[in-house]
Each structure stands twice: as structure tokens, then as C-alpha cells.
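Encoded as C-alpha cells, the structure appears first; notes follow it.
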Amino acid sequence: MPELPEVETVVRSLAPLIRGRKISGARLRLEKLIRRPAAFELDALAGRRILDVSRRGKMVRISVEGGLSLVFHLKMTGQLLARPAAEPLDKHTHFCLAFRDDGAELRFRDVRKFGFLACLRTAEMAASKEFAGLGPEPLETGREAFAALFRGRRGRTKSLLLDQRVIAGIGNIYADEALFAARIHPLTGAVRLRTSDLDRLWRETRRVLRRAIAARGTSVSDYRDAEGLEGDFQERLRVYGRAGEPCPRCGTPIRRIVVGGRGTHFCPRCQRRC
DNA sequence: GCCACTGTTAGCAT
DNA sequence: CATGCTAACAGTGG
């Protein structure tokens with residue numbers, strides 16, 4: 001479930017642990033993890049320092065001296081962890097980045113192996129297939145611009161929230177939570193959203209993302225930050241994973257349906273279909 | 001043992 | 001452009 005708040009938490013916990021350190025080498029243990037083409041030789045990383053760690057959508061960007069960047073996508077079960085180099089590798093660790101000092105190395109673990117790593121030229125990153133076409137950041141999008149993303153679209157509101165080309169970083173958990181907070185039924189056609197609905201969706205989407213970041217993300221199973229710590233937001237989820245439980249607002253049992261192949265949780269009374 | 005289910009998204013058919 | 005299905009993979013729980 002690494003969605004925007006989890007990836008942001010990974011970035012914030014990882015940055016102070018690796019920024020400024022000089023790379024000694026990279027080990028790729030699962031060939032398919034790295035995207036080719038546009039995977040420059042990982043050997044080229046040796047001797048260069050980490051400049052910065054940042055997030056775009058659900059992806060982590062690590063920029064390195066000399067104009068190279070590493071891009072990671074955690075997909076469902078990926079983890080970026082700082083671990084002591086002496087610690088044995090488990091079978092789900094697919095990539096390691098070691099440093100010239102004696103500190104922790106960076107490890108990429110991914111039980112389901114859906115995640116990827118790309119090594120790109122920083123200058124070409126924005127135009128790469130990983131980033132081109134990605135929608136705006138919800139926390140950097142104003143009310144009007146947010147509304148414009150939905151106007152003239154024909155899809156269902158939840159599907160659009162999940163579409164990374166429309167808006168970046170929102171996944172299944174926060175889509176359900178934002179729709180609940182905004183009192184919008186997940187199947188509502190975007191064409192039917194009024195300005196007042198879009199205002200609430202904008203405000204509540206941002207609110208739930210900010211609160212989730214403050215709680216350091218949601219750990220329902222695999223998610224951990226760079227130090228291996230769980231988040232706390234799972235305790236604050238109001239509908240996700242709560243089918244059958246009473247709605248925290250009105251007491252009606254939360255329902256679960258499938259929308260676009262994704263489990264979808266909502267209150268049939270607070271979120272009226274329109 | 002088998003089946004259903006899981007947070008993502010690319011690719012393909014319709 | 002949109003939707004729906006499958007696949008990639010491994011683990012968990014019934």
C-alpha cells in the first residue's frame with residue numbers, strides 16, 4: 001500500500017540517513033527489478049555522493065552526483081530500508097546500495113516483486129516514461145485546478161482518483177477515505193459532481209493525505225519506513241477495511257463493493273449515489 | 001491441499 | 001477516451 005503518505009514517509013526517513021554519503025557499489029540480485037532500457041550501468045554509481053531524496057506520486061527519486069538518478073516504485077509490497085551492512089540478506093531483498101563509510105546500506109525488499117528500479121539521467125527524468133504524463137501532486141494543487149481535473153471526464157469518481165495520469169499518488173486506501181470524508185459515492189460519475197462536491201473532495205483529499213503523513217502512513221501489512229517502523233494511520237481509517245462495522249458518522253454498516261477491480265468501502269447512507 | 005484475497009499498474013481486448 | 005480483465009508474484013487465512 002505504499003501510496004503518497006507512505007512514500008513521503010519513506011523519503012523523509014531515508015533522506016537524513018543517506019544524503020551526502022559516498023556510494024561504494026550497487027548489487028542487483030534480481031535482474032528483472034531494474035527497468036531496461038534507460039538503465040545506465042549501476043557500476044557508474046560508485047564513488048558518487050547522494051545529493052537528495054524526493055518523491056513524485058508514489059515514486060522515490062534518489063539523485064546522485066554526476067547527473068544520474070535512481071527511481072524506485074514500491075508497488076504493493078516494496079520497502080526501502082537502511083540496514084547495517086553486516087546484517088544478512090533475506091530472500092526478498094533484491095537490491096543493495098553500499099557506502100564507503102561504515103554506516104547502513106540501502107536495501108530494496110519486495111515480497112511480490114512487482115516493484116521496479118530505474119537508473120536514469122537526471123536531466124531526462126521528467127521526460128521518461130515513468131514521469132511523463134503523471135498528474136499533478138494533490139498537495140500542490142489548488143481548488144480550481146483540482147476541479148478542472150474532473151470536469152469533462154466521463155469516468156467514475158473513484159476510478160479517476162486512482163488514475164495516476166489524472167492526479168498522482170492516491171491509491172485504494174486514501175481514495176476510499178477521501179470519498180467518505182467528502183460524502184461522495186465512489187461510483188458517482190465525474191460529470192455529475194457539482195462545484196460544491198469538487199470543493200469538498202479537494203479539501204478532504206488533501207486533509208486525509210496530510211493527516212496520514214503526520215501519522216507516518218498506514219501499515220496494513222508490509223509497509224515500513226526506511227528505519228523499519230510501522231505507521232499509525234491504520235488506527236484512524238474510517239471505512240477502509242471496515243466492511244460490516246458501523247459508520248463512524250451515522251452507524252450504518254459500512255459496505256464493500258468492487259469498483260474497477262478494487263475493493264471499495266463506503267457508507268451507503270452518508271455517501272448517496274448520484 | 002485448494003481457493004480467495006491483497007496495497008499497483010501495464011497491456012490488451014472490447 | 002473509457003472500462004474490464006489478466007498478469008506479474010508471494011503470502012495469508014478460511
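Quick note: numbers below take in every heavy atom, side chains included, and nothing from hydrogens, waters or symmetry partners. In what follows, chains carry the letters A, B, and so on, assigned in the order in which the sequence lines appear, proteins first and then strands, with residues in each chain numbered from 1.
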- [ ] Just jot down the ring pair (Phe, Tyr, Trp, His ring centres under 6.0 Å) partners of A/His185, sequence neighbours excluded, or say none.
- [x] A/Phe266
Task: Test item: A/Arg29 side-chain N/O and A/Thr93 main-chain N/O as donor-acceptor pair under 3.5 Å - done: yes
Task: Candidate nucleotides C/dC1, C/dG11, C/dA8, ranked by approach to the side chain of A/Lys32 - the nearest - done: C/dA8
Open item on the list: At a heavy-atom distance below 4.0 Å, what parts of residues 224-246 of chain A sit against DNA chain C?
Closed with: none
Task: Euclidean distance, atom CZ of residue A/Arg153 to atom P of C/dC1 [Å, nearest integer] - done: 8 Å
- [ ] Can you check each nucleotide of nucleotides 8-14 of chain B against protein heavy atoms at under 4.0 Å and return B for base, S for sugar-phosphate only, - for none, in 5' to 3' order?
- [x] BB-----
Task: Same-atom distance (P) from C/dC1 to B/dT8, integer angstrom - done: 23 Å
Task: Under-4.0 Å salt bridge between A/Asp110 and A/Lys113 - done: no
- [ ] Grab the CD-P distance between A/Glu31 and C/dA8 for me, whole Å please.
- [x] 19 Å
Open item on the list: Measuring only between side-chain heavy atoms, which start at C-beta, is A/Leu51 closer than 4.5 Å to A/Thr122?
Closed with: no
Open item on the list: Rounded to whole Å, how long is the line connecting atom NZ of A/Lys158 with atom P of C/dA2?
Closed with: 18 Å
Task: Single hit among A/Arg27, A/Arg83, A/Arg100 for salt bridge (charged side-chain N to carboxylate O under 4.0 Å, His left out) with A/Glu105 - done: A/Arg27
Open item on the list: Just to verify, what does A/Phe180 make a ring pair (Phe, Tyr, Trp, His ring centres under 6.0 Å) with, not counting sequence neighbours?
Closed with: none
Task: Residues A/Ser54 and A/Arg61: side-chain donor-acceptor under 3.5 angstrom - done: yes
Open item on the list: Using atom P in both nucleotides, what's the gap between B/dG1 and C/dA8 to the nearest angstrom?
Closed with: 22 Å
Open item on the list: If we ignore hydrogens and angles and just use 3.5 Å, is the side chain of A/Glu3 paired with the main-chain N or O of A/Gly169 as donor and acceptor?
Closed with: no
Open item on the list: Any base atoms under 4.0 Å from A/Asp110, or only sugar-phosphate, or nothing? Heavy atoms, all strands.
Closed with: nothing
Open item on the list: Checking A/His73 now: which residues fulfil ring pair (Phe, Tyr, Trp, His ring centres under 6.0 Å) with it, not counting sequence neighbours?
Closed with: A/Phe116
- [ ] Provide the closest heavy-atom pair for A/Arg236 versus A/Glu177 in the form atom of the first, atom of the second, distance.
- [x] O-OE1, 4.4 Å
- [ ] Answer yes or no: does a side-chain N or O of A/His92 lie under 4.0 Å from OP1 or OP2 of C/dC9?
- [x] no
Task: Watson-Crick or G-U stems involving DNA chain B, each at least 3 pairs long, distances under 3.5 Å, ordered by first number - done: B:2-6 with C:10-14, B:8-14 with C:2-8
TODO: Taking atom P in both C/dC9 and B/dG11, compute the distance separating them and give it to the nearest angstrom.
DONE: 15 Å
- [ ] Take A/Lys113 and A/Ser159, find for each the nucleotide of DNA chain C with the closest heavy atom, and name the residue whose nucleotide sits nearer the 5' end.
- [x] A/Ser159
Open item on the list: Looking at A/Glu230 and A/Arg224, is any side-chain nitrogen of the basic one under 4.0 Å from a carboxylate oxygen of the acidic one?
Closed with: yes
Task: A/Arg154 CZ to C/dT3 C1', straight-line distance once rounded to whole Å - done: 10 Å
